[in-house]
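Only one structure is covered here, and it is reproduced in the block below.
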Amino acid sequence: MTEQEILSYFNDRPAPAKTTDLHRIRFLCNELHNPQDALKGRFLHVAGTNGKGSTCAYLDAVLRVKGMRTGLFISPFIHTFEERIQIDGAPVSLAEIEAALPLLQKAEKKLFLKHRETAGHFELITALAFFLFAQHDCDIVVLETGLGGRLDPTNLCTPLLTVITHIAYDHTAILGDTLQKIAAEKAGILKEGIPLVLYPLQDDAAMQSIFSVAEQKKCRVILPQPALQKDLKADADGLSFSYRGVNYQSRLCGLYQSVNALCAIEAALAMQVAPDIIQRGIAAAQFPARFETLRRSPRLIFDGAHNEDGIRALQRTVSAYFKTPIIGICGMLRDKHPELALAPLFASNCFETVFCMAPPSPRALDAETLATIFSEHGIAAFPCADAKEACSRALTLAGQNGTAVAFGSLYLANEIECAAHSAP
């Protein structure tokens with residue numbers, strides 16, 4: 001099967017009926033002989049609004065340096081579908097996925113015959129991931145939730161440790177319209193007596209909600225201590241910082257990454273990983289589309305920021321790293337509330353001009369409407385037909401020694417990268 005045929009199998013299906021439990025993923029996994037149970041106690045389960053993927057990347061890198069066979073489950077993918085399921089830092093092969101599909105299709109058919117329900121694409125992907133991780137007998141699996149936590153298909157796992165990253169507004173129609181409600185959904189991944197590493201810079205309402213669930217489930221809460229961190233260097237090429245007297249370097253260079261790294265460090269320390277191994281793992285970690293430099297001279301950076309919290313973090317990074325306004329490339333989805341999400345940029349002068357495009361998604365906001373939003377807030381903005389035009393115009397305006405930053409949706413990442421390499 002080609003990658004497109006595999007993508008079609010997972011994506012070309014109606015949305016599943018709303019559920020109040022995990023019965024569909026439980027049924028699928030039962031038909032696959034419960035691979036998640038074979039990995040009981042080997043999961044690091046990671047939920048949150050922003051920072052999940054980066055925290056997972058740090059953890060996976062640290063544990064690979066330790067010599068463990070790691071599984072990594074992330075979403076969405078940037079370049080190829082196989083990136084979602086990785087073994088020892090490498091995506092599983094299409095051949096492995098193809099070999100597992102008949103078993104998955106059989107389980108899905110039984111689900112429909114018994115319950116008259118269709119499995120959702122993320123339920124099927126999660127079941128596939130559990131199956132492949134068990135086949136590889138991973139020593140540890142770093143498992144990122146898809147959406148929320150309590151009702152997320154990944155929540156069928158029994159973890160060694162849970163991690164909750166920064167909580168912010170996103171998917172409010174599903175998770176709730178307050179940070180307290182959103183946090184309670186994310187805290188649904190907590191299991192009785194299993195320790196939790198919690199991102200420390202939370203809104204008070206989110207913090208209280210998570211601590212309440214942790215107390216009910218008798219989970220020890222491990223809070224990283226930003227006061228013990230000292231920034232040594234931060235620019236578009238990397239971060240250097242000290243924490244608890246140990247120096248760290250990170251290729252993930254967004255200003256916001258340092259606290260994500262602290263979460264990974266504390267999780268690794270809780271697993272009794274040696275400090276020198278943690279150092280090497282943090283330094284080795286890579287993750288695409290997170291303030292990633294795609295080309296130099298002129299420099300083009302891509303960041304997946306797509307909600308208000310993420311764009312605020314992007315704005316702080318851009319303002320800290322570049323002393324004069326730079327050029328932006330932006331594309332967003334309609335359901336991400338662009339006017340609200342982009343608000344942190346309107347109060348700053350970090351972008352001189354923004355070239356707008358529509359992401360490759362049926363949920364895309366059209367380039368003309370997005371450009372109008374920027375223009376109404378005093379930022380020069382121009383609609384473009386596609387990534388190639390947006391990149392070409394942005395890099396030309398930036399000049400050979402200038403910088404452009406693309407942002408607004410992870411759906412842009414692949415197109416922007418291709419355009420970056422083809423631009424003059």
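Just so you know, these numbers come straight off a predicted model, no measurement behind them. By convention here, the first residue in the shown sequence is residue 1.
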Compare every heavy atom of [Y] with every heavy atom of [X], then report the nearest pair and how far apart it is.
X	Y	answer
Leu239	Gln257	CD1-CB, 3.8 Å
Ala236	Thr293	O-OG1, 3.8 Å
Gly148	Ala47	O-CB, 3.9 Å
Val62	Ile278	CG2-O, 3.9 Å
Pro35	Cys29	CD-O, 3.7 Å
Ala341	His306	CB-O, 4.2 Å

Please verify the inter-ring angle class for Phe346 with Phe374; under 30° counts as parallel, over 60° as perpendicular, anything in between as tilted.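 Answer is perpendicular, since the angle exceeds 60°.
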Could you walk me through whether Gln36 and Thr126 pass side-chain contact (heavy atoms from CB on, under 4.5 Å), step by step? CA-CA 10 Å; Gln36 78 285 355; Thr126 303; over 6 Å; no
Counting N and O atoms only, with roles assigned by atom type, does the side chain of [X] sit under 3.5 Å from a partner on the main chain of [Y], one being a donor and the other an acceptor?
X	Y	result
Glu82	Pro91	no
Gln135	Leu132	no
Arg24	Ala17	yes
Arg290	Leu252	no
Lys230	Ser242	no
Glu83	Ile78	yes
Arg334	Pro362	yes
Ser209	Ala205	no
Asp152	Leu147	yes

Could you pull out all residues at least two apart from [X] that satisfy side chain to side chain contact (heavy atoms under 4.5 Å, CB included)?
X	answer
Thr2	Gln4, Glu5
Lys110	Phe27, Glu31, Lys106
Lys109	Leu113

For the atom pair [atom1] ([X]) and [atom2] ([Y]), what is the distance rounded to the nearest 0.5 Å?
X	Y	atom1	atom2	answer
Ser319	Arg316	OG	CZ	10.0 Å
Ser409	Arg363	OG	CZ	8.0 Å
Asp366	Cys356	CG	SG	10.0 Å
Asp60	Thr55	CG	OG1	12.5 Å
Leu395	Thr403	CG	OG1	9.5 Å
Thr145	Lys52	OG1	NZ	5.0 Å

Under 3.5 Å donor-acceptor pairs involving side-chain atoms of residues 262-272, not counting sequence neighbours:
| residue | atom | partner | partner atom | Å |
| --- | --- | --- | --- | --- |
| Glu266 | OE2 | Tyr243 | OH | 2.6 |
| Glu266 | OE2 | Arg244 | NE | 3.0 |
| Glu266 | OE2 | Arg244 | NH2 | 2.9 |

Using the rule side chain to side chain donor-acceptor pair (under 3.5 Å), only one of Thr158, Thr162, Thr154 pairs with His45; which is it?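 Going through Thr158, Thr162, Thr154 one by one, the side chain to side chain donor-acceptor pair (under 3.5 Å) with His45 is satisfied by Thr154 alone.
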Could you check Asn50, Thr317, Asp309, Asp303 and say which one makes a side chain to side chain donor-acceptor pair (under 3.5 Å) with Tyr256?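 For Tyr256, the side chain to side chain donor-acceptor pair (under 3.5 Å) test succeeds with only one of Asn50, Thr317, Asp309, Asp303, which is Asp303.
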Does the distance from a Lys or Arg side-chain N to an Asp or Glu carboxylate O, for [X] and [Y], drop under 4.0 Å?
X	Y	result
Arg312	Glu308	yes
Arg42	Asp137	yes
Arg13	Glu123	no

Taking C-beta and beyond as the side chain, do [X] and [Y] meet within less than 4.5 Å on heavy atoms?
X	Y	result
Cys56	Leu72	yes
Val141	Phe130	no
Met1	Ile97	no
Leu314	Phe291	yes
Thr49	His166	no
Pro224	Val259	no
Tyr169	Asn307	no
Phe287	Ile74	yes

Between Tyr58 and Tyr248, is a side-chain contact (heavy atoms from CB on, under 4.5 Å) present by the stated rule, with each step listed? CA-CA 12 Å; Tyr58 281 129; Tyr248 295 94; over 6 Å; no
Quick check: are there more than 12 heavy atoms from other residues, nucleotides or ligands sitting under 6.0 Å from [atom1] of [X]?
X	atom1	value
Lys233	NZ	yes
Glu215	CD	no
His115	NE2	yes

Which residues satisfy the salt bridge (charged side-chain N to carboxylate O under 4.0 Å, His left out) test with Asp170, sequence neighbours excluded?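 Asp170 satisfies salt bridge (charged side-chain N to carboxylate O under 4.0 Å, His left out) with Lys336 only.
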Of Thr118, Asn11, Leu104, which is the lone residue that meets side-chain contact (heavy atoms from CB on, under 4.5 Å) with Leu124?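 Among the candidates, only Leu104 passes.
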Can you tell me which residue pairs pass the side chain to side chain donor-acceptor pair (under 3.5 Å) test with a partner in residues 188-201, sequence neighbours excluded?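 Pairs touching residues 188-201 that pass the test: Asn155-Lys191.
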I want to know whether Tyr9 and Phe81 have ring centres closer than 6.0 Å.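 Ring-ring flag for Tyr9/Phe81: false, centres at least 6.0 Å apart.
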Are Phe73 and Phe122 close enough that their ring centers fall under 6.0 Å?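 Between Phe122 and Phe73, which both carry aromatic rings, the centre distance is below 6.0 Å.
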Taking atom types as modelled and ignoring hydrogens, do the side chains of Ser258 and Gln229 form a donor-acceptor contact shorter than 3.5 angstrom?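 A donor-acceptor contact under 3.5 Å links the two side chains.
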For Ile140 and Leu59: C-alpha separation, side-chain torsions, deciding distance, then whether side-chain contact (heavy atoms from CB on, under 4.5 Å) applies. CA-CA 10 Å; Ile140 197 80; Leu59 283 168; over 6 Å; no
Do Phe133 and Phe43 pass the ring pair (Phe, Tyr, Trp, His ring centres under 6.0 Å) test, and can you show the C-alpha distance, the side-chain angles, and the key distance before you say yes or no? CA-CA 11 Å; Phe133 291 144; Phe43 291 97; 7.5 Å; no
Gln249 and Asn247: side chain to side chain donor-acceptor pair (under 3.5 Å), yes or no, with the steps? CA-CA 7 Å; Gln249 292 186 334; Asn247 290 346; over 6 Å; no
